[in-house]
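The structure presented is a predicted model; accordingly, all values stated were derived computationally and were not measured. Just so you know, these numbers use all the heavy atoms, side chains as well, and skip hydrogens, waters and symmetry mates.
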Amino acid sequence: MELSVNNLCNALSILVKPADKDNATGDLHDILELNINNALKSLNISEHDTYALLQTVNCSFSPNSGVRWKFVCVSLYILLSLKKCLSEKISKCKVKEQPGEAQQPSVDILSVSQQKTIRTCLQFVISMGVLPSLLPGVGISLAARSTSAQKLKVEELVILEKYERLSGVTRGLVACFEQPSLRSLILVQHLGDLVAALAQLSFAPLKKPASVPASSASSSSSPTASSSSKQDSSGEEFVMTPELWGRLQEERSYFKKCFLSLINKLYQPLIIRELILLHGSARSKHGVQSSPPTWLKRCCIPLLVQCLIKPGGVSALVRAICDTSCDIGTDWSKLDTVVKVILTVHVQHAEQYYKNICSQIVEMLNVGDRTQSQLYTTVSLLCMKALCTEKPLMFERYVLDVLMNPLLLCCNVSRHGPTFYREVPLLSQKVSSTPLEAQEDCIVVSEDEFSKSINSLHKCFVTDVSTLPPEHLFSVASVLFLLHLKIRQSASHLKTQVEELLLKFLSGCNQKQLHTVFNAFLFGDQVEGMLEVSDRVEFAFGSSGGIEVKLRKEPNKDLCSEEAGDCLVELLEKGDKKGDVTNSLFVFLLRLLSDPKSDLALLESERSKLNHELLDMEDAVILNIVGRSERNIVAVKLLAILAENPSVHDKLTEDPTHVIFFVQYLLERDANLLTKKDGDHGPEDHDTESLFMILMVLSVVVNNASARHINWEPFKRLVEPLRIIRDNVMNEELKMFTDEVCNKIVSHGIVQRSTTPRMCSSATQSSATNKPKNERHGKNLSHIEATGVKRNTLSNSIKEEGACMKSSVSGKGQGKSDSKKESRCKQALFDVCDPLLPVRGHALIELAKLISSSDKEAQRHRNQILRIFQENLKHEDSFIYLSSINGLAVMANVFPNTVIKALVEEYEEMRSKRKVTDNNNSSAELKMKVGEVLVRVTKSLGTVIVKVLLVKKKRTRSMRRGRKEIIKLQNLWCEVQRSGSTI
């Protein structure tokens with residue numbers, strides 16, 4: 001009878017049919033027997049008719065066999081018949097197909113009910129044909145799957161019977177596996193059982209026969225495994241004959257071939273998952289842990305390694321352990337398992353294994369699948385970090401060099417020997433392989449390769465997930481900095497990533513490393529371990545917003561120290577939030593200028609040895625030009641910029657040691673120059689401007705130290721050079737300033753400051769502005785000279801006030817002189833000499849408030865305050881000017897004649913005085929404000945002002961001014977008369 005798919009599926013349905021309601025309490029033996037007979041009857045065959053097909057898979061049963069085994073054999077017969085029937089239908093369909101016809105649906109498609117019936121049949125086959133024959137610890141036992149399985153009576157079988165049943169069922173399943181429709185049903189639920197059966201049939205140790213020499217026996221034999229197979233369940237000892245041993249070896253070769261074919265053909269994440277479960281997981285049986293046997297672990301490890309070293313093997317392992325639902329934030333145990341499996345070496349050639357694995361780890365950083373990219377990146381970074389810790393040489397050779405290959409192509413690495421950089425191409429090899437005529441337009445690194453390298457490095461060193469130590473960027477730090485120098489003002493998409501890489505690298509360096517890095521970045525010094533960018537390559541912008549590396553036509557260096565300094569400061573201002581690297585740069589520049597080996601120090605030492613009788617003026621000028629090299633100019637410029645950084649201020653306040661060393665060097669230099677006996681140049685020729693600046697910096701540090709109670713021990717080394725400068729300097733203001741700073745250090749900040757530091761600060765600020773090299777925003781020479789004249793005049797007028805205040809303070813008790821808190825008037829008189837215009841303007845406003853509130857101390861110094869207001873009328877800043885005007889208006893009751901004359905003169909000569917610095921709108925606004933102040937004064941004084949105005953009116957007419965000025969003065973006079981009449 002010809003069998004069809006429907007008939008076979010109906011027979012399977014009868015075979016796996018559960019017990020009827022009438023026979024629900026029947027024995028399993030009776031139910032299986034009934035179903036077997038009904039199924040064979042539906043097919044019109046007998047048990048004898050199944051033998052021929054079952055023999056093809058070396059599976060058979062006899063009338064004396066148990067019901068369970070008969071059920072398994074009949075099931076296999078129907079499954080093999082179904083496989084044969086489906087295969088014939090497919091072959092017939094292929095013959096009938098015409099080349100031009102549309103593709104027809106597959107004829108081997110099974111219905112849902114048929115698939116369900118086949119799955120149920122496979123469960124019976126596995127449960128009664130495979131699982132009872134597996135050794136303990138191999139696969140998942142039936143008892144671990146179902147609690148009802150414990151009620152089943154265990155069949156008493158000898159060892160050889162178990163082997164025959166397992167091999168026959170496995171052959172049948174392998175045969176069914178060849179049919180696509182049946183293969184999918186087996187893979188869904190029973191792939192692990194099939195893998196466990198094949199592993200046992202392929203690698204389980206066999207007992208050696210007595211006549212077989214030990215060398216030809218299985219090398220995987222173990223005493224534990226072999227002893228378990230020496231006796232069967234009846235207690236009789238099993239005897240291995242040479243004929244049986246030879247047949248088993250042949251079958252083992254067949255099953256091993258099937259096993260390896262299954263591993264190579266299947267979806268790799270599935271087979272890797274099953275091998276991992278088969279190898280390592282312990283199975284629970286009634287609370288007792290049963291671990292896999294040793295031979296099983298030994299056979300799984302090479303198979304896993306074989307899967308890993310395949311292309312895409314590492315990513316397949318990731319998919320096998322961490323499925324799509326893996327949460328990176330919670331499933332860290334899975335990720336650790338993946339890393340452990342990948343980095344554990346089980347082969348003899350470890351370096352070749354690492355080379356293969358590391359190449360896949362690097363590729364995982366740039367996986368195109370967006371849904372899984374984060375998972376792959378995380379696993380890749382975890383592997384890199386573990387490899388960096390455990391195998392640093394393998395990490396640098398096969399991971400780091402590969403990631404940095406585009407950057408290494410920009411460097412000269414020929415002098416570093418064969419240990420490193422041997423797995424990647426170098427610039428010398430690239431150039432030698434390029435013809436001479438093509439070298440001009442030769443692209444060393446393409447735009448895509450360079451962008452990929454920067455993106456990979458950014459993921460490795462900047463991202464929040466298990467970043468690598470930033471010191472590994474040390475070798476290519478100069479390349480990254482020159483790249484940043486190229487693109488920092490462009491719209492390149494690599495700009496942010498390069499900035500973050502540099503900031504991450506700098507923040508990970510210690511103080512000593514930072515100083516060497518700064519030397520390389522700013523001045524191009526060669527540093528051990530840091531590669532130098534070749535002068536034969538250059539960075540060029542690509543068409544997609546990236547960077548490509550080209551060969552130069554002529555060797556050249558791109559580094560400009562001044563531009564590099566600006567670039568470095570800009571980078572730190574943008575990204576150095578804590579300020580540690582910025583403070584390290586500040587300390588580095590201080591040490592650079594105070595280093596005895598620096599050009600500036602050499603210049604000063606040479607100056608001290610000069611004999612001006614032998615050298616003429618030209619030699620001295622040449623020596624000065626040579627001494628002030630580019631390095632020191634850049635250092636001074638950067639120091640001037642960093643001195644305004646708030647983070648540097650905070651760090652110096654916490655630890656002023658480095659500034660003290662620098663100030664000590666400068667003070668000792670000036671002290672040596674002042675004490676030097678030279679007939680041509682005496683102490684009066686000393687450069688007081690630089691000394692003023694040094695003392696200003698020291699004064700700020702000392703004041704901060706006294707306010708924060710910092711250790712005064714480092715300051716003691718400054719006392720001796722300060723005393724030498726105080727005793728030898730000719731400038732009186734500088735002498736007083738030096739004496740005060742010295743007294744503050746000796747008394748730990750207890751000595752009360754005098755007016756001299758403020759006055760010196762103003763003078764120093766004025767003199768410092770005469771140095772165009774150190775100022776960031778220069779002014780013209782005429783403006784500087786005019787400002788210097790005004791400030792000198794102001795300083796002379798303040799001297800009287802300082803003397804008056806000094807005499808008044810000296811007359812008070814000793815207890816008051818020790819008080820650190822100053823009065824409002826005294827503080828305002830200090831601030832009025834401050835170099836900062838806002839501070840000076842607020843001091844003028846404060847003095848006006850004190851006069852208007854009849855402050856006693858302000859009334860005592862009203863003459864000096866009047867002179868301060870008068871001097872500041874000449875200031876070009878409108879804020880200072882208007883503050884002085886308002887101050888004079890307040891003092892009109894005390895000095896009416898002086899105040900009114902000054903106000904009227906200012907109002908009359910407003911246009912001529914403000915025309916140079918202000919525009920028309922601002923000049924008109926100032927005139928309105930001065931006129932308003934003048935009207936307010938006339939209202940407060942009344943008829944007293946009439947006499948003064950009459951004199952000014954006659955004087956104005958006699959000067960024959962324009963008609964407009966006369967009209968304005970007449971209007972002012974009318975306003976004064978109206979205000980006088982109201983009073």
query = Under 3.5 Å, is there a donor-acceptor pair between the Y376 and R319 side chains?
reply = yes
ask   = N645 and E573: side-chain donor and acceptor closer than 3.5 Å?
value =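 Result is no, nothing qualifies.
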Results of ring-ring contact (aromatic ring centres under 6.0 Å, His included) for H458 - residues two or more places apart only = none
key: Residue list, ring-ring contact (aromatic ring centres under 6.0 Å, His included) with F481, at least two apart or on another chain   =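 Applying ring-ring contact (aromatic ring centres under 6.0 Å, His included) to F481 gives F521.
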Could you list the residues that satisfy side-chain hydrogen bond (donor to acceptor under 3.5 Å, both in side chains) with [X], not counting sequence neighbours?
X    : answer
S492 : none
N672 : none
Q664 : E668

Contacts under 3.5 angstrom, residues 541-549 side chains, donor-acceptor by atom type, not counting sequence neighbours:
none

Any residue meeting salt bridge (charged side-chain N to carboxylate O under 4.0 Å, His left out) with [X], in chain and number order, not counting sequence neighbours:
X    : answer
E363 : none
E447 : none
K340 : none
D576 : none

Residue pairs involving residues 572-591 (criterion ring pair (Phe, Tyr, Trp, His ring centres under 6.0 Å); sequence neighbours excluded) =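 The answer is H515-F588, F518-F588.
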key: side chain to side chain contact (heavy atoms under 4.5 Å, CB included) partners for S456, two or more places apart   =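 Only L365, N366, L403, K452 meet the side chain to side chain contact (heavy atoms under 4.5 Å, CB included) criterion with S456.
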request  = Measure from the side-chain N and O atoms of R536 to the backbone N and O of R552, and report whether any donor-acceptor pair falls under 3.5 Å.
outcome  =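 Such a contact is absent between R536 side chain and R552 backbone.
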